[in-house]
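Just the heavy atoms: all of them, side chains too, but no hydrogens, waters or symmetry mates, feed the values below. By convention in this document, chain letters (A, B, ...) are assigned in the order of the sequence lines, proteins followed by strands, and residues within each chain are numbered from 1.
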Amino acid sequence: MKYWLLKSEGSCYPISELKKDKRTSWTGIRNYQARNFMMKDMSIGDLCLFYHSNSKPNGVYGLAKVSSKPHTDETQFNKKDDHYDPKATKEKPIWYCVDISFLEAFKSPVSLDQIKFNTNLDGMMVRAQGSRLSIQPVEEKHFKYVVERMKP
DNA sequence: GCCAACGTTGGC
DNA sequence: GCCAACGTTGGC
């Protein structure tokens with residue numbers, strides 16, 4: 001069992017949308033490191049912190065679970081999609097994604113400020129300056145601590 | 001809206 | 001393979 005943090009722009013696809021959809025394909029990832037996490041390291045049942053960036057406040061808004069093996073991200077072939085990649089072909093896809101399922105929307109988010117100033121979360125990747133990676137591995141102790149709502 | 005950090009591209 | 005230029009992300 002592994003733990004992850006998935007970033008989404010709050011205005012783009014918030015946890016409330018995932019709650020409605022129940023399940024979605026995590027498409028549009030166009031970064032090799034993030035893609036490789038999905039292709040090689042994620043397993044069905046892994047738990048994910050659902051993080052909103054560009055929000056007020058930024059932070060973890062809920063939980064999701066990996067619910068499929070990696071498969072091709074169809075948006076790479078769609079010219080009308082924001083994430084269209086002209087270099088990708090059906091024969092040689094470049095981008096992959098997994099499906100995730102809704103687990104929980106927090107009543108109140110665990111804000112980035114709370115995460116930053118809590119010594120129990122020292123070393124958590126999302127705290128690092130300039131950390132732009134949209135899929136991040138999370139240590140079990142950090143995951144559990146956030147889920148327990150920052151209580152000791 | 002600004003801008004620092006960082007990933008990607010492309011010329012050499 | 002280097003690195004400058006450029007585009008994007010994301011916190012503020």
Side-chain angles (χ1 to χ4, degrees), chain A residues 2-21 24-42 46-66 70-100 102-139 141-151:
Chain A
K2 293 193 208 63
Y3 303 90
W4 306 93
L5 179 142
L6 303 182
K7 273 189 208 168
S8 178
E9 284 201 38
S11 56
C12 184
Y13 192 84
I15 188 81
S16 54
E17 283 295 307
L18 181 61
K19 187 176 184 179
K20 258 188 265 175
D21 295 344
T24 194
S25 291
W26 204 243
T27 58
I29 300 297
R30 296 293 180 268
N31 169 285
Y32 285 104
Q33 212 180 338
R35 182 204 68 174
N36 290 344
F37 281 138
M38 290 196 289
M39 286 178 75
K40 297 173 184 170
D41 298 323
M42 276 188 178
D46 283 359
L47 298 177
C48 308
L49 301 174
F50 197 99
Y51 181 91
H52 289 194
S53 62
N54 292 316
S55 295
K56 288 181 183 175
N58 297 322
V60 178
Y61 278 68
L63 298 178
K65 157 178 93 167
V66 176
H71 56 85
T72 55
D73 177 345
E74 294 297 324
T75 63
Q76 68 193 299
F77 309 124
N78 183 355
K79 282 186 183 159
K80 289 178 186 159
D81 195 282
D82 284 348
H83 301 287
Y84 172 65
D85 186 341
K87 281 179 289 195
T89 63
K90 295 265 185 190
E91 292 73 32
K92 284 196 172 177
I94 299 172
W95 304 108
Y96 292 79
C97 61
V98 297
D99 294 355
I100 61 166
F102 174 81
L103 281 185
E104 183 184 345
F106 292 165
K107 287 198 185 76
S108 59
V110 179
S111 70
L112 183 58
D113 274 348
Q114 285 175 275
I115 291 170
K116 274 187 175 168
F117 292 106
N118 194 304
T119 51
N120 292 285
L121 298 177
D122 284 354
M124 200 169 165
M125 199 184 280
V126 74
R127 299 201 331 188
Q129 188 183 23
S131 168
R132 289 168 44 176
L133 194 57
S134 58
I135 297 181
Q136 303 178 358
V138 174
E139 290 176 41
K141 61 181 178 184
H142 291 158
F143 181 90
K144 291 191 167 161
Y145 199 79
V146 170
V147 171
E148 290 299 314
R149 291 297 218 294
M150 316 294 291
K151 285 171 196 158

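- Taking for each of A:K87 and A:Q129 the nucleotide of DNA chain B with the nearest heavy atom, the 5'-most of the two is the partner of A:Q129.
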Reading nucleotides 5-12 of chain C from 5' to 3' and marking B where a protein heavy atom lies under 4.0 Å of the base, S where only the sugar-phosphate is that close, and - otherwise, the string is --BBBBBS

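- Checked against side chain to side chain contact (heavy atoms under 4.5 Å, CB included), A:K19 has the following partners two or more places apart in sequence or in another chain: A:F102.
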Show me the side-chain donor-acceptor pairs of residues 106-116 of chain A shorter than 3.5 Å, one per line, residues at least two apart or across chains.
unit_1: A:S111; atom_1: OG; unit_2: A:Q114; atom_2: N; d: 3.1
unit_1: A:S111; atom_1: OG; unit_2: A:Q114; atom_2: OE1; d: 3.3
unit_1: A:Q114; atom_1: OE1; unit_2: A:S111; atom_2: N; d: 3.0

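- For A:Y32, the side chain to side chain contact (heavy atoms under 4.5 Å, CB included) partners at least two apart in sequence or on another chain are A:R35, A:I94, A:W95.
- Among residues at least two apart or in separate chains, side chain to side chain donor-acceptor pair (under 3.5 Å) pairs with a member in residues 53-62 of chain A are A:E9-A:N54.
- Partners of A:H83 under the side chain to side chain contact (heavy atoms under 4.5 Å, CB included) rule, at least two apart in sequence or in another chain, are A:R30, A:T75, A:D81.
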